[in-house]
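Everything on this sheet refers to the single structure shown next.
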Amino acid sequence: DAGITQSPRHKVTETGTPVTLRCHQTENHRYMYWYRQDPGHGLRLIHYSYGVKDTDKGEVSDGYSVSRSKTEDFLLTLESATSSQTSVYFCAISALSGGVEQYFGPGTRLTVT
Amino acid sequence: AQSVTQLGSHVSVSEGALVLLRCNYSSSVPPYLFWYVQYPNQGLQLLLKYTTGATLVKGINGFEAEFKKSETSFHLTKPSAHMSDAAEYFCAVRAGANAGKSTFGDGTTLTVKP
């Protein structure tokens, strides 16, 4: 299994509070991604990173920010959580070349009350 | 731009029957195509992938898929379903090796009846 961990695995927070989710990899892969998964919507890309300090928006980036100061860590921040951000969040990684498939973390279940 | 359509959000088969999960894609460049499987409360795992070369690709757990450029399809099949195949399956497309991201379909939930 690819070495990807996410923390926390579960979180309940109140509307309006800031929340940071962490993704950590031990594979030294260049690309890292944050997705959210909601019933009927599959996986939707929030933000991704193609290197340290290099990030780009995905299809559902509003209300989210990211940072990548080290190759191994990719942080997702909800500046002011809303109930619509209740979801399961997945981090993924992929190499620059070769298989180019993605390896996924175990997910973080976030509930905003 | 790229997109993926998975036909059928739910598929139900009997144990031992053929599994067929349909995926059609759109891509402006030769695509890389993937099938992932997700078991309850877990992340996605790669089942198989097509990048270049042979259009029939085999994956784990007896699954295979065929890339058909003329039909823009990448359907997933397994000759004989097993109870352990019950899961959600996602098709994904990536615009080649240099594309930084993939686009995922909405997923198909496979139920296997005894």
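Fair warning: this is a prediction, and the values are worked out from it, not measured in the lab. Below, chain A is the first sequence line, B the second, and so on; all start at residue 1.
Under the 4.5 Å side-chain heavy-atom criterion for grouping Ile, Leu, Val, Met, Phe, Trp and Tyr, B/Phe67 is connected to B/Val4 within one hydrophobic cluster. Under the 4.5 Å side-chain heavy-atom criterion for grouping Ile, Leu, Val, Met, Phe, Trp and Tyr, A/Leu75 is not connected to A/Tyr50 through any hydrophobic cluster. Side-chain heavy atoms closer than 4.5 Å link hydrophobic residues (I, L, V, M, F, W, Y) into clusters, and following such links, even through other members, never connects B/Val93 to B/Tyr32. Note on B/Phe104 and B/Phe34: same hydrophobic cluster, where clusters join Ile, Leu, Val, Met, Phe, Trp and Tyr whose side-chain heavy atoms are under 4.5 Å apart, directly or indirectly. Follow the hydrophobic side-chain contacts under 4.5 Å out from B/Met83 and you reach B/Leu76 in the same cluster.
If you measure heavy-atom distances from A/Leu43 to chain B, the contacts under 4.5 Å come from both the backbone and the side chain. Proximity to chain B (any heavy atom under 4.5 Å) is restricted, for A/Tyr33, to the side chain, taken from C-beta onward. Of the two parts of A/Arg109, only the side chain, counted from C-beta on, holds a non-hydrogen atom closer than 4.5 Å to a non-hydrogen atom of chain B.
In this structure, the side chains of A/Gln37 and B/Phe90 come closer than 4.5 Å at one or more pairs of heavy atoms. Using a 4.5 Å heavy-atom threshold, the side chains of A/Gln102 and B/Tyr36 count as touching.
Heavy-atom pairs under 4.5 Å with chain A were tallied for B/Thr103, B/Leu44, B/Asn41; the largest tally goes to B/Leu44. Heavy-atom pairs under 4.5 Å with chain A peak, among B/Gln38, B/Glu88, B/Gln6, at B/Gln38.
Cation-pi contact between B/Arg94 and A/Tyr31: present, with separation from the ring centre below 6.0 Å and deviation from the ring axis of at most 45°.
A 6.0 Å sphere centred on CZ of B/Arg22 holds no more than 12 heavy atoms belonging to other residues, nucleotides or ligands. For B/Glu15, the CD atom sits in a packed shell: over 12 heavy atoms of surrounding residues, nucleotides or ligands are nearer than 6.0 Å.
Interatomic distance, CD of A/Glu101 versus CG of B/Leu47, reported as 12.0 Å (0.5 Å rounding). Distance check, rounded to the nearest 0.5 Å: OH of A/Tyr103 to CG of B/Leu46 gives 7.0 Å.
In terms of heavy atoms, A/Leu45 sits closest to B/Lys101 at CD2-CD, 3.6 Å.
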